[in-house]
Participant: 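I'd like to ask you about the structure that follows.
Small disclaimer: the values here were computed from a predicted structure and weren't measured. Each residue takes its place number in the sequence, starting with 1.
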Amino acid sequence: MKIFLVDGTYELFRAYHGAPPAQAPDGRPVGAVRGMARSLMSMVRDEGARYAAIAFDTVIESFRNELFPGYKRGDGIDPDLLEQFPLAEEMARALGFVVWPMKEFEADDALASGAVAYARDDRVEQVLVCSPDKDLTQVVDGGKIITLDRRRRLVLDREGVLAKFGVGPESIPDYLALVGDSADGIPGIPRWGAKGASAVLSTYPHLEDIPSKVQDWSVKVRGAQGLSAALEADRENAYLYRKLATLRLDVPIPADPAELAWTGAPGRELGQFCAKIGDERLLERVPKLIS
């Protein structure tokens with residue numbers, strides 16, 4: 001079996017910026033929810049998803065905000081989009097998908113936990129982590145666990161991660177600690193850019209492996225003196241940033257991947273939801289309805 005683990009929060013953002021605005025009969029915005037529903041049905045119909053889970057950031061903040069005040073928050077999200085978060089989870093359930101709503105953890109933690117756990121199952125041929133987020137590439141495992149950017153149809157296996165970032169999946173948290181990740185509010189270490197980080201981490205895979213004295217570096221990199229000085233002045237923050245970028249693998253999820261089987265959408269429940277958002281045509285896009 002192939003397992004599709006979907007970043008529902010990203011899919012909702014993508015639909016919000018790509019689908020036309022729309023209102024439900026009660027006046028609430030539903031354009032993103034409608035667009036995301038069509039995308040999920042395309043995943044079943046055109047991409048062959050038969051086992052899937054959709055993870056959502058039910059609460060935008062997580063335990064990481066307690067570790068670092070600058071970590072991403074829900075501030076600044078368009079109210080029209082924010083209002084559609086609960087509806088998106090309801091929609092995914094109405095379409096018959098397993099939904100993982102995250103509060104203490106983030107959706108990415110759930111996806112990572114599922115990917116690593118299900119990849120150990122001999123029945124699982126491949127796990128597709130459906131998200132373009134850089135941090136999720138840390139769980140890529142050869143071709144058994146891959147990431148899939150559904151919008152651009154971009155697949156990253158281990159070789160793809162190496163080609164894109166210059167480091168293997170195991171070094172991605174260290175890479176993000178050095179260069180930063182603006183999407184998550186991780187500032188990174190001054191002077192460190194993508195080229196310098198990949199060059200150094202290709203020789204020293206983890207922060208603690210990088211010698212504290214630049215004269216002990218065996219790797220040749222432009223501006224090494226400045227990079228070393230910046231890291232030594234900010235090593236404790238680098239370790240903190242790596243902790244923020246490291247995905248948790250202990251999120252409670254169904255132990256048996258067979259529980260993620262998509263067997264169809266419950267017709268009555270979906271019909272009620274379609275009426276709620278004023279989109280009865282969605283029913284026509286569902287390849288299988290169950291009573």
Participant: Just distance, no hydrogens or angles: give the donor-acceptor pairs under 3.5 Å from side chains in residues 264-271, sequence neighbours left out.
Facilitator:
none

Participant: Is there a path of hydrophobic side-chain contacts, each under 4.5 Å between heavy atoms of I, L, V, M, F, W or Y residues, that connects L154 with V140?
Facilitator: no
Participant: Can you tell me how far apart CD (Q126) and CD1 (I146) are? Round to the nearest 0.5 Å.
Facilitator: 4.0 Å
Participant: For the residue pair V124 and V127, establish whether any side-chain heavy-atom pair is separated by less than 4.5 Å.
Facilitator: yes
Participant: Between atom CZ of R14 and atom CG of D7, what is the distance when rounded to the nearest 0.5 Å?
Facilitator: 10.5 Å
Participant: Are F4 and V98 linked, directly or through other ILVMFWY residues, by side chains that come within less than 4.5 angstrom of each other?
Facilitator: no
Participant: How would you list all residue pairs meeting ring pair (Phe, Tyr, Trp, His ring centres under 6.0 Å) that involve residues 124-183, not counting sequence neighbours?
Facilitator: F165-Y175
Participant: Would you give the length of the straight line joining atom CD1 of I210 to atom CG of D216, rounded to the nearest 0.5 angstrom?
Facilitator: 13.0 Å
Participant: Please check: side-chain N/O of S198 versus main-chain N/O of G166, any donor-acceptor pairing under 3.5 Å?
Facilitator: no
Participant: Kindly determine whether Y204 and S218 satisfy side-chain hydrogen bond (donor to acceptor under 3.5 Å, both in side chains), including the steps that lead there.
Facilitator: CA-CA 9 Å; Y204 305 110; S218 61; 3.1 Å; yes
Participant: Between K134 and D108, is there a salt bridge with N-O shorter than 4.0 Å?
Facilitator: no
Participant: Show every ring pair (Phe, Tyr, Trp, His ring centres under 6.0 Å) that has at least one partner inside residues 223-260, sequence neighbours left out.
Facilitator: F68-Y241
Participant: Take N65 and R73 through the side chain to side chain contact (heavy atoms under 4.5 Å, CB included) test and state the conclusion after the steps.
Facilitator: CA-CA 8 Å; N65 294 93; R73 312 174 71 91; 3.7 Å; yes
Participant: Less than 4.0 angstrom from a charged side-chain N to a carboxylate O is my criterion; do E47 and R153 meet it?
Facilitator: yes
Participant: Within a radius of less than 6.0 Å around CD of E280, do more than 12 heavy atoms belonging to other residues, nucleotides or ligands occur?
Facilitator: yes
Participant: Using every non-hydrogen atom in the two residues, find where P205 and S171 come nearest and quote the distance to one decimal.
Facilitator: O-OG, 2.8 Å
Participant: Are W262 and M1 in one and the same hydrophobic cluster, where Ile, Leu, Val, Met, Phe, Trp and Tyr link if side-chain heavy atoms are under 4.5 Å apart?
Facilitator: no
Participant: Rounded to the nearest 0.5 Å, how far does CD of Q84 lie from CE of M91?
Facilitator: 9.5 Å
Participant: Answer yes if the side chains of E89 and T58 hold a donor-acceptor pair under 3.5 Å, and no otherwise.
Facilitator: yes
Participant: Check whether D184 reaches the backbone of I186 with its side chain - one donor and one acceptor, N or O, closer than 3.5 Å.
Facilitator: no
Participant: Between D157 and G142, which heavy-atom pair has the shortest distance, and what is it?
Facilitator: CB-O, 3.2 Å
Participant: So which atom in A177 and which in L207 form the shortest heavy-atom distance, rounded to 0.1 Å?
Facilitator: CB-CD1, 4.3 Å
Participant: Not counting sequence neighbours, list each pair that qualifies as a ring pair (Phe, Tyr, Trp, His ring centres under 6.0 Å) and has a residue in residues 10-41.
Facilitator: none
Participant: Which heavy atom of P254 sits nearest to which heavy atom of W100, and what is that distance?
Facilitator: CD-NE1, 3.5 Å
Participant: Salt bridge (charged side-chain N to carboxylate O under 4.0 Å, His left out) with R64: which of D109, D181, D135?
Facilitator: D109
Participant: One thing to verify: whether E90 and K276 come together as a salt bridge, which I'm taking to mean a side-chain N less than 4.0 angstrom from a carboxylate O.
Facilitator: yes
Participant: With a 4.0 Å cut-off, would you call D256 and R123 a salt bridge?
Facilitator: yes
Participant: Identify the two heavy atoms, one from A199 and one from V219, that lie closest to each other, and give their separation to 0.1 Å.
Facilitator: O-CG2, 3.5 Å
Participant: Looking at R93 and P101, what are the two nearest heavy atoms and their distance?
Facilitator: NH2-CG, 3.8 Å
Participant: Find the distance between CG (D57) and NZ (K103) and round it off to the nearest 0.5 Å.
Facilitator: 12.5 Å
Participant: Given S62, which of E104, R248, E106 fulfils the side-chain hydrogen bond (donor to acceptor under 3.5 Å, both in side chains) condition?
Facilitator: E106
Participant: I'd like to check the side chain to side chain donor-acceptor pair (under 3.5 Å) partners of E170; sequence neighbours left out, ordered by chain and number.
Facilitator: R158
Participant: When hydrophobic residues are tied together by side-chain contacts of less than 4.5 Å, even through go-betweens, does V59 share a cluster with F85?
Facilitator: no
Participant: Do side-chain atoms of N237 reach the backbone of D234 as a donor and acceptor pair under 3.5 angstrom?
Facilitator: no
Participant: Tell me, with the steps shown, if L5 and L260 meet side chain to side chain contact (heavy atoms under 4.5 Å, CB included).
Facilitator: CA-CA 10 Å; L5 301 180; L260 308 187; 4.1 Å; yes
Participant: Take K243 and T246, measure what side chain to side chain contact (heavy atoms under 4.5 Å, CB included) needs, and give me the verdict at the end.
Facilitator: CA-CA 5 Å; K243 186 173 184 179; T246 300; 5.6 Å; no
Participant: Run the side chain to side chain contact (heavy atoms under 4.5 Å, CB included) check on V6 and E11 step by step: do they pass?
Facilitator: CA-CA 8 Å; V6 181; E11 289 287 343; 3.7 Å; yes
Participant: Is it true that E61 and K72 have a side-chain N and a carboxylate O under 4.0 angstrom from each other?
Facilitator: no
Participant: Heavy-atom distance under 4.5 Å between the side chains of P287 and M41, does that happen here?
Facilitator: yes
Participant: Going through the checks in order, is the side-chain hydrogen bond (donor to acceptor under 3.5 Å, both in side chains) test met by R150 and S131?
Facilitator: CA-CA 7 Å; R150 296 184 58 235; S131 174; over 6 Å; no
Participant: If I take atom CG from residue L201 and atom CG from residue L178, how far apart are they, to the nearest 0.5 angstrom?
Facilitator: 5.5 Å
Participant: Under a 4.0 Å threshold between the charged nitrogen and the carboxylate oxygen, would K144 count as salt-bridged to D141?
Facilitator: no
Participant: Going only through I, L, V, M, F, W and Y residues with side-chain contacts under 4.5 Å, is there a path from F97 to Y118?
Facilitator: no
Participant: For the residue pair L67 and Y71, establish whether any side-chain heavy-atom pair is separated by less than 4.5 Å.
Facilitator: no
Participant: What I'd like to find out is whether the side chain of I172 reaches to under 4.5 Å of the side chain of V167, using heavy atoms alone.
Facilitator: yes
Participant: Can you give the donor-acceptor pairs under 3.5 Å from side chains of residues 25-35 to other protein atoms, not counting sequence neighbours?
Facilitator:
residue	atom	partner	partner atom	Å
D26	OD1	R28	N	3.1
D26	OD1	R28	NE	3.4
D26	OD2	R28	NE	2.9
D26	OD2	R28	NH2	2.8
R34	NE	I277	O	3.4
R34	NH2	I277	O	2.7
R34	NH2	G278	O	2.8

Participant: Does the side chain of L282 come within less than 4.5 Å of D279's, by heavy atoms?
Facilitator: yes
Participant: Is there a donor-acceptor pair under 3.5 Å between the side chain of W217 and the backbone N or O of A224?
Facilitator: no
Participant: Is there side-chain contact between P257 and D121, with at least one heavy-atom pair below 4.5 Å?
Facilitator: yes
